[in-house]
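First comes the structure, then the notes that go with it.
Everything numeric in this text was worked out from a predicted model, so none of it was measured. One is the number of the first residue; the rest follow in order along the sequence.
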Amino acid sequence: MTMAVSSHSVRRHDLIVIASLALAPAIGLGIARFAYALVLPNMRADLGWTYADAGWMNTTNAAGYLLGALLAARSSARFGAFRVVVAGAWACILALLLCAFFRHPLPLNAARLLAGIGGGLTFVSGGVLAVRVAQRNPDRSAFMLGLFYAGPGLGILLSGIAVPATLYRSGPESWATAWAALAILSVPLAIGLLAARGENIVASSVAREKPCYKSMLWLLPGYAVFGAGYIAYMTFMIAWVQNSGGSAGFQALFWCTIGLAAIASPWLYAAILKRFRHGNAFAILTGITAIGAALPLLSEGVPLLLTSAAVFGSAFFSVVASTTAFVRRNYRPEQWAAAIGMLTIFFGIGQILGPIATGFINDLMENLAGGLWTSVLLLFVAMLLAKLQRDQSFGL
């Protein structure tokens, strides 16, 4: 009886730790990265940007994310993974405040770069900690990983409430106020990270262990293509909704639907992450993401737009969880940080190229449809690449 109670207590503690760690990507990705899409239409109209200019801002953010991901393992080895997660979260909050104070592209890009660095630090170091916690609970590991990667959904949901409300009350040129509101919104989430402070491991041995990356021969390029494809949707869809006549209220509803669906993803897709081997979970979830991205291009009606938000939102961060599940199956624990880091590098490269490329296509075609169709195509290509991936233990 005592052992059963103790086991239940440990599991409950680990769930609290995972939920706390999930607040890091809620800040670093859900708010500091993706909320840009909510503010973008007003910034673009006020500052006279082209779609390529708008894409550059997210490309800069993605470059910072890549840099943060590259620094994460070494920083965790020196300072401890939890401290790196906390530092990254507060760097994102500082970046959000800086966006509220500047109008010139140079300091705005610098702020977006800082937000990306913070996001990369929180996501990679937090992901390594989450994998370790999940490993202690093998029967619920898929759900726990999914819970961590659902963290950005909370940030998307909160920003979907805060930004449209701020812009509606203060006027379309109040985008700086919206950035300040996002910074204030992030502070209690950063404080909530303290519930996971007991996981502050110093992973020096992990950081030095180099796995064989040939075991991810197809997953790496597939992840890069996925990164380029999904980020275009998350950059330009609010502009698409606005151009389709969506009110501030509907824009909020659309964005909150993405966030709620992402939060629900651990319950929706834990079985896929647990059951499917090779690159199959990645392929299935990327295919679902692609379908969600394609729906608005078929019709601008409200039902299909909301269905798109729900389908896309439910799957796109479960794709990320599937890569971590692949690493857990195919590498030793001391190799996890390096393998996750390499996947993140390829993911980051895709995210760097995606916004500027689709922004250029949008400008060339003088509408958003060209870039969004490119996004859908890239997602289907990523799905096909993942289908070729095999687990090591199954004769890669």
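In summary, the side chains of Tyr149 and Ser265 do not present any donor paired with an acceptor at a separation below 3.5 Å, with no hydrogens or angles considered. Remark: the Ser308 side chain and the Tyr233 side chain contain an N/O donor-acceptor pair separated by less than 3.5 Å. A side-chain donor from one of Asn58 and Thr235 sits under 3.5 Å from a side-chain acceptor of the other. Between the side chains of Thr358 and Thr374, no donor N or O sits under 3.5 Å from an acceptor N or O.
Residue Gly354 comes nearest to Ile231 through the heavy atom pair CA-CG2, 4.2 Å, listed as atom of the first residue, atom of the second, then distance. Pro296 approaches Gly292 most closely through the heavy-atom pair CD-O, 3.5 Å. The minimum heavy-atom distance linking Ala309 with Ala261 is given by the pair O-CB, 4.3 Å. Residues Val84 and Ser125 share a closest heavy-atom pair of CG1-OG, 3.3 Å. Between Thr286 and Ala382, the shortest heavy-atom distance links the atoms CG2-CB, 4.0 Å. What you find for Ala32 and Leu96 is that their closest heavy atoms are CA-CD2, 4.0 Å.
Evaluation of the salt bridge (Lys or Arg N to Asp or Glu O under 4.0 Å) test over residues 103-131, restricted to residues two or more places apart or in two chains, returns Asp46-Arg103.
Here the CD1 atom belonging to Ile117 is positioned 13.0 Å from the OH atom belonging to Tyr65, to the nearest 0.5 angstrom. Of the inter-residue distances, the one linking Phe346 atom CZ with Leu219 atom CG reads 10.5 Å to the nearest 0.5 angstrom. With rounding to the nearest 0.5 Å, the separation of CD1 in Ile340 from CZ in Phe123 is 9.5 Å. A distance of 5.0 Å separates CD1 of Ile263 from CG of Leu157, quoted to the nearest 0.5 Å. If you take CG on Asp363 and OG1 on Thr50, they are separated by 4.5 Å, rounding to the nearest 0.5 Å. Distance check, rounded to the nearest 0.5 Å: OG of Ser318 to CG of Leu268 gives 7.5 Å.
Under the side chain to side chain contact (heavy atoms under 4.5 Å, CB included) test applied with Trp255, the options Leu260, Ile238, Val241, Ile161 reduce to a single match, Ile238. Here the rule is side chain to side chain contact (heavy atoms under 4.5 Å, CB included) with Leu295, and of Thr307, Val376, Leu305 only Thr307 fits it.
For Phe380, the ring-ring contact (aromatic ring centres under 6.0 Å, His included) criterion is met by no residue, not counting sequence neighbours.
Remark: the backbone N or O of Ile16 is not paired with any side-chain donor or acceptor of Ser20 at under 3.5 angstrom. In this structure, the side chain of Arg83 does not engage the main chain of Arg78 through any donor-acceptor pair within 3.5 Å. A donor-acceptor pair is defined here as one N or O able to donate and one able to accept, closer than 3.5 Å; no such pair exists between the side chain of His278 and the backbone of Asn280. The backbone N or O of Ala72 sits nowhere less than 3.5 Å from a side-chain atom of Ser75 that would complete a donor-acceptor pair. When atom types are taken as modelled, the side chain of Thr59 and the backbone of Ile352 share a donor-acceptor pair closer than 3.5 angstrom. Side-chain atoms of Arg277 do not come within 3.5 Å of backbone N or O of Lys274 as any donor-acceptor pair.
One hydrophobic cluster holds both Phe226 and Trp373 under the rule that ILVMFWY side chains link at heavy-atom gaps under 4.5 Å. Put simply, Leu98 and Leu40 are part of the same group of oily side chains (I, L, V, M, F, W, Y) that touch within less than 4.5 Å, one to the next. Using a 4.5 Å cut-off between side-chain heavy atoms of Ile, Leu, Val, Met, Phe, Trp and Tyr, with links allowed through other members, Val124 and Met342 fall into different hydrophobic clusters. With hydrophobic clusters built from ILVMFWY side chains whose heavy atoms lie under 4.5 angstrom apart, Leu106 does not share a cluster with Leu67. Using a 4.5 Å cut-off between side-chain heavy atoms of Ile, Leu, Val, Met, Phe, Trp and Tyr, with links allowed through other members, Trp240 and Leu364 fall into different hydrophobic clusters.
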(request) Show the numbers, then the answer: is there a side-chain contact (heavy atoms from CB on, under 4.5 Å) between Val163 and Trp175? (result) CA-CA 8 Å; Val163 173; Trp175 53 265; over 6 Å; no
(request) Could you check Ile27 against Thr122 for side-chain contact (heavy atoms from CB on, under 4.5 Å), going step by step and ending with a plain yes or no? (result) CA-CA 9 Å; Ile27 299 168; Thr122 61; over 6 Å; no
(request) Before giving the answer on side-chain contact (heavy atoms from CB on, under 4.5 Å), spell out for Phe250 and Gln242 the whole-Å C-alpha distance, their side-chain angles and the decisive distance to 0.1 Å. (result) CA-CA 9 Å; Phe250 182 72; Gln242 192 177 76; over 6 Å; no
(request) Before giving the answer on side-chain hydrogen bond (donor to acceptor under 3.5 Å, both in side chains), spell out for Asn109 and Thr60 the whole-Å C-alpha distance, their side-chain angles and the decisive distance to 0.1 Å. (result) CA-CA 6 Å; Asn109 270 283; Thr60 302; 2.6 Å; yes
(request) Start with the C-alpha gap between Val327 and Val131, add the side-chain angles, then the distance that decides, and say whether side-chain contact (heavy atoms from CB on, under 4.5 Å) holds. (result) CA-CA 10 Å; Val327 167; Val131 170; over 6 Å; no
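Proximity of Met237 to Ile258: side-chain heavy atoms (C-beta onward) are nowhere separated by under 4.5 Å. Phe282 is not listed as a side-chain neighbour of Gln389, based on a closest heavy-atom distance of 4.5 Å or more. Side-chain contact between Met216 and Tyr331: present, with at least one pair of heavy atoms (C-beta onward) separated by less than 4.5 Å. In this structure, Tyr269 and Ile284 have side chains that are not in contact, with every pair of non-hydrogen atoms separated by 4.5 Å or more. Taking 4.5 Å as the limit, some side-chain heavy atom of Met234 sits within range of a side-chain heavy atom of Ile156. Looking only at side-chain heavy atoms (C-beta outward), Val133 and Leu129 stay at 4.5 Å or farther from each other. Put simply, the side chain of Leu113 does not reach to within 4.5 Å of the side chain of Asn61, judged on heavy atoms. Put simply, the side chain of Ser159 reaches to within 4.5 Å of the side chain of Leu182, judged on heavy atoms.
A perpendicular orientation is assigned to the rings of Trp267 and Phe143, their planes being inclined by more than 60° (bins at 30° and 60°).
Aromatic ring centroids of Tyr230 and Phe347 lie under 6.0 Å apart.
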